[in-house]
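Residue numbers start from 1 in every chain, and the chains themselves are labelled A, B, ... in the order their sequence lines are given, proteins ahead of strands. Note that this is a predicted model, so its numbers are computed, not measured.
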Amino acid sequence: MTATHHDVREPDLEAVFQATIDADQRIEPRDWMPDDYRRTLIRQIAQHAHSEIIGMQPEGNWITRAPSLRRKAILLAKVQDEAGHGMYLYAAAETLGVDREELTEKLISATQKYSSIFNYPTPSYADVGVIGWLVDGAAICNQVPLCRCSYGPYARAMVRICKEESFHQRQGYELLLAMVNGTPEQQAMVQESVDRWWWPSLMMFGPADGDSPNTQQSMAWNIKRHTNDELRQRFVDMSVPQAEALGVTLPDPDLRWNPERQAHDFGEPDWSEFTAVIAGSGPANTQRLAHRRRAHENGAWVREAAQAYAEKHS
Amino acid sequence: MSERKSWPLYEVFVRGKRGLNHVHVGSLHAADDEMALHNARDLYTRRNEGVSIWVVKAEAITASSPSEKDPFFAPSGDKVYRHPTFYAIPEEVPHL
Ligand SMILES: [Fe+2]
Ligand SMILES: [Fe+2]
């Protein structure tokens, strides 16, 4: 876009920005904003976009082997949605002045991160159900408050995404219901999968509040609305009755209702595992990045051909 | 990486249903206008969100300055007589 007018004087800008935030209004792309606000958002939105894109792989693994045409159609639609989420978010990031090509480069060169959860493998079809239930469920807990994020394009992308996520969670839970009402082997598959995904799902909310140095600033800017621990608590409280309805056990001996707090007490995730997975040594980090890099490189000739065609016909 | 320029950015507008305006929904990259339309359909109307789509290269949009306090909008700020509530009409006068 090109601007026709130019702006107010510098010292006023910071005050206008802060007043907009304080009034709980949205900041829009061409508004003046502090460099740190812009940097924080670019990092967060890019990471979020990368997570959606890499997040297609664990489930995409099962598309060709889905147990029925119905399940295959559902899984295809779900994975396609995740691609869409990545695109909405890259579009939002671009309004902050970064280039999409550059973000892709940063993902495949591992200079920007994505959610640790997608570095775990999916050895069983029950994982498709558990990912929908727990991983998309945790994502919903994180994402619903982001619909009120102070940065307009990010908030609007989250509104679209949250609408679609509810299908993701319900199809996963429905799949699990079918399995727990099936054979003893199928029931065991569900429990085995829950045992593997429960703790990594809790880690999706990020480190404990005491170890999350950026939270305060993000909350002051109305980017974040709740701390990591608040969201993790909310997720646990929501998941417990859902697990009961499925008849599965959540693998935490310390998990119990605390009537005083009117909330569940629960154990501490293994933060050393979290740190290791983030640092690149999770079970599937190498595979995920290699796959994404291969897809990007194999698509190069298509991008070039389309460009050449467009130039010829313009 | 090759020296290829990246595909241009397009802004996407969708008419949700007959009788409504097109509304900006986001953006995407495409090599040309036709691909932009197809990508917009796949990206922004996977659940019947639209009956019509406009795409336009982002660089073709001319925008006003962002601040709403900008003098650009000042001419309409002091013309209260453009609003119906400016005019006092006795209550007993109907249909006005
Ligand atoms: Fe998603
Ligand atoms: Fe999802």
Would you find more than 12 non-hydrogen atoms of other residues, nucleotides or ligands less than 6.0 Å from [X] atom [atom1]?
{"X": "D24(A)", "atom1": "CG", "result": "yes"}
{"X": "K79(B)", "atom1": "NZ", "result": "yes"}
{"X": "D22(A)", "atom1": "CG", "result": "yes"}

Q. By a 4.5 Å heavy-atom criterion (distance strictly below it), what part of E34(B) contacts chain A: side chain, backbone, both, or neither?
A. neither
Q | Residue pair H29(B), E101(A): steps toward the side chain to side chain donor-acceptor pair (under 3.5 Å) verdict | A | CA-CA 10 Å; H29(B) 288 266; E101(A) 289 279 295; over 6 Å; no
Q) With a 4.5 angstrom heavy-atom cut-off, which part of F17(A) approaches chain B: side chain, backbone, both or neither? A) neither
**Q.** Y309(A) portion near chain B, given a 4.5 angstrom heavy-atom threshold
**A.**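 The answer is the side chain of Y309(A).
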Minimum heavy-atom separation for [X] to [Y], with atom names?
{"X": "R30(A)", "Y": "A63(B)", "answer": "NH1-CB, 3.6 Å"}
{"X": "D81(A)", "Y": "R46(B)", "answer": "OD1-NE, 2.9 Å"}
{"X": "A310(A)", "Y": "A31(B)", "answer": "CB-O, 3.3 Å"}
{"X": "W7(B)", "Y": "Q307(A)", "answer": "CD1-OE1, 2.9 Å"}

Q) Just by modelled atom types, is the L43(B) backbone N or O under 3.5 Å from a matching donor or acceptor in the Y88(A) side chain? A) yes
Q.
Walk me through whether E164(A) and R47(B) qualify under side chain to side chain contact (heavy atoms under 4.5 Å, CB included).
A. CA-CA 9 Å; E164(A) 301 180 353; R47(B) 290 177 174 76; 3.3 Å; yes
Q: Go through R156(A) and V25(B) one step at a time and tell me if the side chain to side chain contact (heavy atoms under 4.5 Å, CB included) criterion holds.
A: CA-CA 9 Å; R156(A) 292 190 287 274; V25(B) 291; over 6 Å; no
Q: Go through R100(A), E311(A), M87(A) and name the one with the most non-hydrogen pairs under 4.5 angstrom from chain B.
A: R100(A)
Q) Got E94(A) and L9(B) here, is their nearest side-chain heavy-atom distance under 4.5 Å? A)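 The answer is yes, as the side chains (C-beta and beyond) meet within the 4.5 Å cut-off.
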